[in-house]
Number of protein chains: 4
Amino acid sequence: MSDSQRGRTRSESTRQAILEATRDELAASGYDKLSIDRIATAAGAGKQTVYRWYRSKSELVAECILEGYVPSKTAVVADSGEVRGDLRAWLRGFADHLAQTENAALIRACTAAAAESDEVAAKFYERVTAANEAALTARLDGAVRLGQLRADTSTAAVAEALIGAMLYRLLVRQAPTDEFINGLLDTVFNGIDASSVPGVGR
Amino acid sequence: MSDSQRGRTRSESTRQAILEATRDELAASGYDKLSIDRIATAAGAGKQTVYRWYRSKSELVAECILEGYVPSKTAVVADSGEVRGDLRAWLRGFADHLAQTENAALIRACTAAAAESDEVAAKFYERVTAANEAALTARLDGAVRLGQLRADTSTAAVAEALIGAMLYRLLVRQAPTDEFINGLLDTVFNGIDASSVPGVGR
Amino acid sequence: MSDSQRGRTRSESTRQAILEATRDELAASGYDKLSIDRIATAAGAGKQTVYRWYRSKSELVAECILEGYVPSKTAVVADSGEVRGDLRAWLRGFADHLAQTENAALIRACTAAAAESDEVAAKFYERVTAANEAALTARLDGAVRLGQLRADTSTAAVAEALIGAMLYRLLVRQAPTDEFINGLLDTVFNGIDASSVPGVGR
Amino acid sequence: MSDSQRGRTRSESTRQAILEATRDELAASGYDKLSIDRIATAAGAGKQTVYRWYRSKSELVAECILEGYVPSKTAVVADSGEVRGDLRAWLRGFADHLAQTENAALIRACTAAAAESDEVAAKFYERVTAANEAALTARLDGAVRLGQLRADTSTAAVAEALIGAMLYRLLVRQAPTDEFINGLLDTVFNGIDASSVPGVGR
DNA sequence: AGGTAATCGAGACGGTACGTCCAGTCTTTGT
DNA sequence: ACAAAGACTGGACGTACCGTCTCGATTACCT
């Protein structure tokens, strides 16, 4: 076979160390104060090695997200039978996660990175939306099958509205209070149209 | 009074030129590649003059947003009597605005800036959410009064869900299609709870 | 007049500090291990300031030579009436100067710099040869006028032979001993041609 | 026997290729821009192979000189019976050699290398002075024996004065003209002392 | 009208980080 | 064991900006 190994094999453990150092820097300093020098030093690596793996700051951050060094944290939505309560619990779990300053800083840094780079944006979408939407979809679809939710529910719309609202709150430094979460759930579950009020329209 | 004017008066027109140059740079290069040097040169100003008005990069960007050099574009929601149609029109208008690459780049840059700086975040919230929420509230409250919408509608929740979803789409480079907008409106207007289906539950 | 001062005036004292730091580095580390970073730090200057004054390492070294931070040390040849003794004293003075390791390192570094760069070579010639040749010429011409030396003496040839021999010795790490100096003077004063032996040929 | 051959034998032809590549780089780029990477690539060798033969850049250059890849060019001084003419021819041959830019660059690079490294200086002396002095000595001694030159001629002094003067000219980029060479020979053959003028001093 | 003082464009200052290049070492597969 | 290939740490390169400071040259108010 022609693709035999030539030269020293690239050190996977160094790569891990770089990603970990990046995550720490990201949480500590934010995206645009990231210093490749500092990351390399913290990882015990040469600067060139960082650049060998990742061609730019944004690619590095993107990989950091994708490899899960920035946890999306919210892989599954519990299933207690009561779908609204499950979603509330999930959103509160998300809110609790963001209540940790370090986590908040990390995700904000990723947001900044995604805003600056198409590449990071793609990874961000892939990791954050896809994962969360999958989790939500799994739970919502079950509820739809049981007749607890409308058959025409657009999972994608619900997922993006919820995630979007949470990230927006994170961005503008408004902690997502229980009140806010309840308002969100009321809107999404009940709808706002007058005809959607149970017992009305009969 | 003691704060009488001494020395040369600060040139308001230079300040305008700085803000305009900042907006252009922001759209062209994004937040973390902003260069005060370039801004000053483009504005025909000295660097010191920039710093005399704004103490830092983030303060400059914040002011840029607040002064409306970054337009929120969506000051009012039309009132045709049909509230759902009005919201659809408003969201489509927003989507059209973002379809212009320059506008999209500009708002993404502001997003990045807000992610990096509490100060910018505050101004961003003040300008973007407040303005849009006010516009939505004005329209929604009218509809509530006419009995077209539920009395318990949480305007804030609706506004943040809609804005959040739109910004999230911007962030992850998914253009907000009509389909997406319709899904969003269906969710928000109809709700997803099975009991919210009109004519069901009888 | 149109050449009015624009911007802050360049700091002459910083320039001096840079040249001094360069000389120290040159003596300590030699030419190709010169580090602009270290020079800047030692001079308490930013790297950019070094590059503002001198576009390259070689230009910096050249200026260092020309400004006399690398002393040619041998400005004048004494005049005791006895020209051969005066030259011997001058050569011994040169040898003593080179016996100091720091001085030797410094001149060797300049030699290396001159070898690598036309620009430095020009300055080196201007400063070292010109100065020494002038000193030698002044002394030799006097002796010629007094009839102590041949009228057809080529000062330039003598100067370059002496300086060349001394620098060559420095280069190959052969200390210029008294024996060597005497051999040199014998050759130059007496000549090697058999017909130049006094009292021979009769 | 204990020094039996173990493993693959070191390739002499690779070593030659390395030295040739070094000479080419030296002539093209000078000493301090030498790149081991480039040399290895040009020689079709691995970097480690270079370091297996030569422990450092300066040792490599030193060896390059010693192996004659940097030609001293002037192995013998012709013997036509007329010693002054022979020396003139030899010096002119040297001058012609240096007139080739590539040769000049090569020797200047070696000079720089010698200035920076004791090791290279030793090899330089060994190869350049020793070889030339031997050539000059062979010729001068013959002339002394024939009574053409003074019996007390210091060959070493003559050799170093001539070589030193030529190298100094190379260093300061002053081509050694016929005029210069003649001045040098006049000085060395005739001497400068008034008493050395033939027919005078009686 | 003349003095005083803050502002202006310009650009040098000490620094920090960039992304590239190279030195010298280490590791892998192949000969 | 040596060879080519190439990844490794470490460190210097020359450039670009940062935010501050210093120029001479404007304005403007205040005697």
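Just so we're on the same page: letters track the sequence lines, and every chain starts at 1. Everything numeric here is computed off the predicted structure, so don't read it as measured data.
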Whole Å only: how far is the [atom1] atom of [X] from the [atom2] atom of [N]?
{"X": "D/W53", "N": "F/dA4", "atom1": "CH2", "atom2": "P", "result": "11 Å"}
{"X": "A/R15", "N": "F/dC8", "atom1": "CZ", "atom2": "C1'", "result": "16 Å"}
{"X": "D/K33", "N": "F/dA12", "atom1": "NZ", "atom2": "C1'", "result": "14 Å"}
{"X": "B/R38", "N": "F/dC17", "atom1": "CZ", "atom2": "C1'", "result": "9 Å"}
{"X": "A/Y51", "N": "F/dT9", "atom1": "OH", "atom2": "P", "result": "15 Å"}
{"X": "C/R6", "N": "F/dC21", "atom1": "CZ", "atom2": "P", "result": "22 Å"}
{"X": "D/D32", "N": "F/dC13", "atom1": "CG", "atom2": "C1'", "result": "12 Å"}
{"X": "D/I18", "N": "F/dC2", "atom1": "CD1", "atom2": "P", "result": "14 Å"}

Among [options], find the nucleotide with the atom closest to the side chain of [X].
{"X": "A/S35", "options": "F/dC13, E/dA12, E/dC18", "value": "E/dC18"}
{"X": "A/A45", "options": "F/dA12, F/dT9, E/dC18", "value": "F/dT9"}
{"X": "C/I36", "options": "F/dC13, F/dC18, E/dC18", "value": "F/dC13"}
{"X": "B/K57", "options": "F/dC18, F/dA4, E/dA12", "value": "F/dC18"}
{"X": "B/D37", "options": "F/dG6, F/dC2, F/dC18", "value": "F/dC18"}

Just call it for B/I39: base, sugar-phosphate, or nothing, with non-hydrogen atoms closer than 4.0 Å on any strand.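 No contact.
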
With a non-hydrogen cut-off below 4.0 angstrom, is A/T49 in contact with a base, only sugar-phosphate, or nothing?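 A/T49: base contact, heavy atoms under 4.0 Å.
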
Closest-nucleotide mapping onto DNA chain E: is A/S56 or A/T9 further toward the 5' terminus? I mean the 5' end.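 Final value for this comparison: A/S56.
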
Please report the interatomic distance [atom1]([X]) to [atom2]([Y]), rounded to the nearest 0.5 Å.
{"X": "B/E67", "Y": "B/R127", "atom1": "CD", "atom2": "CZ", "value": "9.0 Å"}
{"X": "C/C64", "Y": "C/L19", "atom1": "SG", "atom2": "CG", "value": "5.0 Å"}
{"X": "C/W53", "Y": "C/S11", "atom1": "CH2", "atom2": "OG", "value": "7.5 Å"}

Taking atom types as modelled, is there a side-chain donor on A/E20 or A/Q16 under 3.5 Å from an acceptor on the other? no

Would you tabulate the side-chain donor-acceptor contacts of residues 25-48 of chain C under 3.5 Å, counting partners in other chains and residues two or more places apart, or write 'none'?
from, atom 1, to, atom 2, distance (Å)
C/E25, OE1, C/R38, NE, 3.2
C/E25, OE2, C/R38, NE, 3.2
C/S35, OG, C/D37, N, 3.4
C/S35, OG, C/R38, N, 3.1
C/R38, NH2, C/K33, O, 2.9
C/T41, OG1, C/D37, O, 2.9

Does [X] contact [N] through a side-chain donor or acceptor facing the base, at a distance under 3.5 Å?
{"X": "C/Q48", "N": "F/dA16", "value": "yes"}
{"X": "C/K47", "N": "F/dG14", "value": "yes"}
{"X": "C/R8", "N": "F/dC21", "value": "yes"}

Quick check: on DNA chain F, is the nucleotide nearest D/G46 upstream (toward 5') of the one nearest A/T14, or the reverse? Name the residue that is more 5'.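 Nearest-nucleotide comparison on DNA chain F picks D/G46.
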
If you pin A/S11 and D/R52 to their nearest nucleotides in DNA chain F, which one's is more 5'? D/R52

Name the residue from A/R15, A/E59, A/E63 that meets the side chain to side chain donor-acceptor pair (under 3.5 Å) definition with A/Y54. A/R15

